[in-house]
Amino acid sequence: MWGGRTGALLRVWGLWPAGVRGRRPLGCNAASLAGNNSPQCWNCGGPGVPKRGDGFFCPQCRALQPPDLTRDYFSLMDCNRAFAVDTAKLQNRYQQLQRLVHPDFFSQRSQTEKDFSEKHATLVNDAYKTLLAPLSRGLYLLKLHGVEIAEGTDYAMDQQFLMEIMEINEKLAEAQSEAAMKEIESIVRAKQKELSDNVSKAFEQGSLVDVDLRSHV
């Protein structure tokens, strides 16, 4: 399948960062409220905030509301649902949301709001990390399209592709100067960009299955 093949290539070219974790399960007393679809404010009972948008607080009592766990990461981070993402805009959005929901700002609030702020912060962190890295972003997009691939799953690479990898590894081992290292880095970055461009086009065209990107790498 295309997703597994793409995942293998992106891992080889170093587009999967270390330390990206999945969402932690809800474990506080507010867990049931976090999944509640009621539009009412949990605190004052007044009309709640829309499930979409940036209304994290009750307009009447200003209590922090539970996170919407059905909202996808692209919507939360105000990004178009596409493989190509404006990372500068993504970072700005991340910082904006952290200023709204970070637990440090709720140390003097109710326990329920403290719990909600932790869940909001976790959700924002997970969304940011997922959309920031090309591989995790691509895997998440596939999941939204109904194609789910387990992390660590690699597609069996053909001999020609393996030879390309070995050739670059040999050049790296034999490099004796900074200029040679920079040349190898330039080659790898060019391949990364070409791969990312092809993956982006595949998503735009809806080619989620049987897309062979090896001839482009």
Side-chain angles (χ1 to χ4, degrees), residues 1-27 31-32 34-37 50-54 56 66-94 96-98 101 116 118-157 161 191-214 216-217:
M1 179 173 285
W2 174 82
R5 185 173 302 172
T6 302
L9 296 178
L10 287 170
R11 286 187 182 89
V12 168
W13 296 117
L15 295 179
W16 176 251
V20 176
R21 301 176 179 176
R23 182 185 302 172
R24 295 181 298 186
L26 291 177
S32 60
N36 190 355
N37 291 323
K51 282 293 185 180
R52 295 296 184 266
D54 286 346
F56 291 97
D68 179 5
L69 300 183
T70 67
R71 189 177 187 182
D72 71 70
Y73 290 169
F74 290 95
S75 172
L76 176 62
M77 304 308 291
D78 194 25
C79 294
N80 293 329
R81 188 183 287 191
F83 184 73
V85 167
D86 185 336
T87 54
K89 179 182 177 182
L90 175 64
Q91 185 174 14
N92 288 336
R93 173 65 170 173
Y94 171 72
Q96 174 194 12
L97 292 179
Q98 285 288 5
V101 300
F116 285 156
E118 290 181 0
K119 303 312 168 185
H120 275 293
T122 297
L123 189 60
V124 169
N125 284 332
D126 288 346
Y128 176 68
K129 291 178 181 178
T130 298
L131 300 188
L132 184 63
L135 177 58
S136 54
R137 186 192 315 142
L139 292 175
Y140 184 68
L141 263 176
L142 285 173
K143 184 177 180 180
L144 293 179
H145 284 87
V147 181
E148 191 161 3
I149 302 170
E151 292 182 12
T153 301
D154 287 333
Y155 189 88
M157 290 178 274
F161 184 74
K191 289 183 178 292
Q192 286 179 332
K193 184 179 185 305
E194 188 172 3
L195 177 59
S196 293
D197 289 346
N198 279 282
V199 172
S200 182
K201 290 178 183 177
F203 274 114
E204 291 174 1
Q205 297 169 1
S207 303
L208 303 182
V209 181
D210 296 330
V211 177
D212 190 349
L213 301 181
R214 300 200 184 204
H216 301 289
V217 181

- Smallest heavy-atom separation, Gln98 atom then Asn125 atom, equals NE2-OD1, 2.9 Å

- Message: Parallel, tilted or perpendicular: which one describes the rings of His120 and Phe56, with boundaries at 30° and 60°?
- Response: perpendicular

- Hey, could you give me the CG/NZ distance between Leu139 and Lys143, rounded to the nearest 0.5 Å? 10.5 Å

- Task: Enumerate the residue pairs fulfilling salt bridge (Lys or Arg N to Asp or Glu O under 4.0 Å) with a member in residues 75-85, sequence neighbours excluded, ordered by first and then second residue.
- Result: Asp72-Arg81

- Say you draw a straight line from CG of Asp86 to CG of Leu131; how long is it, rounded to the nearest 0.5 Å? 12.0 Å

- Query: Knowing that exactly one of Val124, Thr122, Leu123 qualifies, which makes a side-chain contact (heavy atoms from CB on, under 4.5 Å) with Asp126?
  - Reply: Thr122

- Nearest atoms (heavy-atom pairs only) where Leu97 meets Leu76: CD1-O, 3.7 Å

- Query: Taking all atoms of both residues into account, what is the closest heavy-atom pair of Met77 and Arg93, and its distance?
  - Reply: O-CG, 3.2 Å

- Heavy-atom closest pair, residues Thr130 and Tyr140: CG2-CB, 3.7 Å

- Search all heavy atoms of Phe83 against all heavy atoms of Pro134 and return the closest pair with its distance. CE1-O, 3.1 Å

- Task: For the residue pair Val101 and Lys119, establish whether any side-chain heavy-atom pair is separated by less than 4.5 Å.
- Result: no

- Item | Taking every non-hydrogen atom, the tightest pair across Phe74 and Asn80 | CD2-O, 3.2 Å

- Tyr128: partners by side chain to side chain donor-acceptor pair (under 3.5 Å), with sequence neighbours left out: none

- Item | side chain to side chain donor-acceptor pair (under 3.5 Å) partners for Asp197, two or more places apart | Lys193

